[in-house]
Amino acid sequence: MNIKIIKATKENITDIALIERVCFSIPWTEQSIADSVGSDNTYFNIAYADGKPAGYMSMQVCCGEGDIMRVAVSPDFRRLGIGRALLEECFSANKLDAVFLDVRENNMPAIKLYDSFGFEKIGLRKNYYSNPTENAVMMKKKFSKIAWSDNNKLFDLYDGIIGRDLKKFPCICPLCNRESVHFYFHRFKNIDNKSGLWIWCSECKSYIHSFGQVPDWWNNCNEIEFSSLTSEPNYLEINKSVVDKWIEKL
C-alpha cells in the first residue's frame, strides 16, 4: 500500500471532513475545518493510502509550543502506522519546545502511541468528552535540545557514497565506531542537480552539512518531500528510519 502524507490545504478540506465523520461522534464541520486550515498558527497534514483519504492531524502552534487538536485515522486504514507517520511528519515540520494533547482515558491504542513518542501524563480533565462522557488524559512532550557538533571526519564517507560503494544505512561511524551514521541528499528545486548533503551520527551526534551534486544512482529524490529535513540534524533524526528505507529502495 502506498501511503503519502502532505501538508493540508483548502483542496483537502472535503477529505478531512470525511475522516472526521467516520472517526468522531461530534465531527467538525467543513467550515470549521476551512477556518483552521487557513489559519497561520494551525498545522494540518493528511495521509492518503493508495490515493484514498486515510487520516489527518491538526495542531495549533504558538511561541514554540504545539497543542494537538486531532489525530484521526479512518477505521479501514488503522494498524498501518499512519497515526505514527502523521505525528513524525508534524514534529519534523515544526520546531517545537513542547507539545500538549488530550486523549480519551479509555483510548489505550492512542495512549500507547503517544507514550512511544515520549509523551508524559500531566493531568486529568473530568468528564471532558461527551457522546460518550469520558475523562481526558492530559499529556505533554518536551523536545530536548540536542548538542550536535560539526565534524569534517565524516567527509571520509563522502567518496564512498558518491561512488556507490556505500549504499546501505545506517553505516559505521568513523568517530564512535558504531553503526549509527545516516545520510540524506535534499534536491533543490529548479537549481539543476545541486543538493544539500547531510551525513550524521545518531549516537555521537556528529554531522556534516554541505552542498554538491546529487549522486547519479540517487533516482528517488522527489519520491518523498520532507522540506524540514534541511533544517538541522535533530529534525533529520526523527525521520532517520524513513530515510534509510528510502535509500534501500534504490
Side-chain angles (χ1 to χ4, degrees), residues 3 5 45 64 66 80-99 112-120 140-188 194-250:
I3 297 173
I5 298 176
N45 63 16
L80 297 174
I82 291 176
R84 176 175 297 278
L86 288 166
L87 288 166
E88 288 177 345
E89 175 68 3
C90 172
F91 297 154
S92 173
N94 296 275
K95 295 184 177 181
L96 302 165
D97 297 319
V99 177
K112 184 177 179 180
L113 173 64
Y114 300 140
D115 283 341
S116 73
F117 275 93
F119 280 86
E120 297 180 349
K140 177 182 179 180
K141 172 180 172 62
K142 287 185 177 180
F143 289 85
S144 60
K145 300 299 183 180
I146 303 173
W148 292 84
S149 60
D150 195 347
N151 195 309
N152 287 337
K153 288 186 178 180
L154 285 175
F155 269 116
D156 295 342
L157 302 174
Y158 183 79
D159 289 339
I161 291 170
I162 298 301
R164 204 185 177 115
D165 297 325
L166 182 60
K167 55 185 177 183
K168 183 174 178 57
F169 293 86
C171 69
I172 300 297
C173 176
L175 297 163
C176 68
N177 295 315
R178 285 176 282 188
E179 193 177 46
S180 49
V181 167
H182 308 273
F183 156 69
Y184 180 71
F185 260 106
H186 176 76
R187 187 195 298 270
F188 296 130
K194 294 288 186 181
S195 66
L197 160 72
W198 289 95
I199 300 174
W200 77 101
C201 176
S202 60
E203 291 294 332
C204 67
K205 305 304 180 187
S206 300
Y207 75 95
I208 58 169
H209 180 221
S210 186
F211 301 92
Q213 293 292 120
V214 176
D216 292 337
W217 54 269
W218 187 292
N219 57 25
N220 61 358
C221 274
N222 296 319
E223 187 174 316
I224 305 172
E225 288 192 8
F226 286 127
S227 59
S228 61
L229 288 183
T230 56
S231 56
E232 53 186 289
N234 53 319
Y235 287 92
L236 278 159
E237 181 72 3
I238 295 172
N239 290 290
K240 63 186 178 187
S241 62
V242 175
V243 175
D244 294 342
K245 290 177 182 177
W246 190 12
I247 294 171
E248 289 177 4
K249 290 181 181 179
L250 293 171

**Student:** Specify the closest pair of heavy atoms between C90 and N45, including all atoms of both residues, with the distance to one decimal.
**Tutor:**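 Distance-wise, the nearest heavy atoms are N-ND2, 3.8 Å.
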**Student:** Roughly how far apart are F143 CZ and F91 CZ, rounded to 0.5 Å?
**Tutor:** 4.5 Å
**Student:** Should H209 and W200 count as side-chain neighbours, where that means a heavy-atom distance under 4.5 Å?
**Tutor:**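 They are not in contact (no side-chain heavy atoms under 4.5 Å apart), so the answer is no.
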**Student:** Is the side chain of K240 donor-acceptor paired with the backbone N or O of S202 at a distance under 3.5 Å, no angle test?
**Tutor:**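 Judged by distance alone, no pair lies under 3.5 Å.
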**Student:** Parallel, tilted or perpendicular, judged at 30° and 60°: which one describes the rings of Y207 and W198?
**Tutor:** tilted
**Student:** Going by atom types only, do D244 and H182 share a side-chain donor-acceptor pair under 3.5 Å?
**Tutor:**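 Checked: D244/H182 side chains pair up, N/O donor to acceptor below 3.5 Å.
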**Student:** Please report the C-alpha distance between N94 and V99 in whole Å, then the side-chain angles of each, then the deciding distance to 0.1 Å, and finally whether the side chain to side chain contact (heavy atoms under 4.5 Å, CB included) criterion is met.
**Tutor:** CA-CA 11 Å; N94 296 275; V99 177; over 6 Å; no
**Student:** Give me the atom names and distance for the closest heavy-atom approach of I199 to L157.
**Tutor:** CG2-CD1, 4.0 Å
**Student:** Before you tell me yes or no, could you show the steps for R84 and S116 under side chain to side chain contact (heavy atoms under 4.5 Å, CB included), namely the whole-Å CA-CA distance, both residues' side-chain angles and the distance that decides it to 0.1 Å?
**Tutor:** CA-CA 9 Å; R84 176 175 297 278; S116 73; 2.7 Å; yes
**Student:** Is any side-chain N of the basic residue among E248 and K245 closer than 4.0 Å to the acidic one's carboxylate O?
**Tutor:**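 Result for this pair is no, no salt bridge flagged.
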**Student:** Knowing that exactly one of C171, C176, P170 qualifies, which makes a side chain to side chain contact (heavy atoms under 4.5 Å, CB included) with C173?
**Tutor:**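 Answer to the side chain to side chain contact (heavy atoms under 4.5 Å, CB included) test with C173 among C171, C176, P170: C176.
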**Student:** Passes side chain to side chain contact (heavy atoms under 4.5 Å, CB included), I208 versus D150? Steps please.
**Tutor:** CA-CA 5 Å; I208 58 169; D150 195 347; 3.9 Å; yes
**Student:** Hey, could you give me the CG/SG distance between L154 and C204, rounded to the nearest 0.5 Å?
**Tutor:** 7.0 Å
**Student:** Got a sec: does the CD of E120 have more than 12 other heavy atoms crowding it under 6.0 Å?
**Tutor:**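 Open: at most 12 neighbouring heavy atoms sit under 6.0 Å from CD of E120.
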**Student:** Rounded to the nearest 0.5 Å, what separation is found between the OG atom of S206 and the CG atom of L175?
**Tutor:** 4.5 Å
**Student:** Please find the pair of heavy atoms, one from F155 and one from S210, that lie closest to each other, and give the distance.
**Tutor:**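 That closest heavy-atom pairing would be CZ-CB, 3.8 Å.
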**Student:** How long is the span from the CD atom in E179 to the NZ atom in K168, to the nearest 0.5 Å?
**Tutor:** 8.0 Å
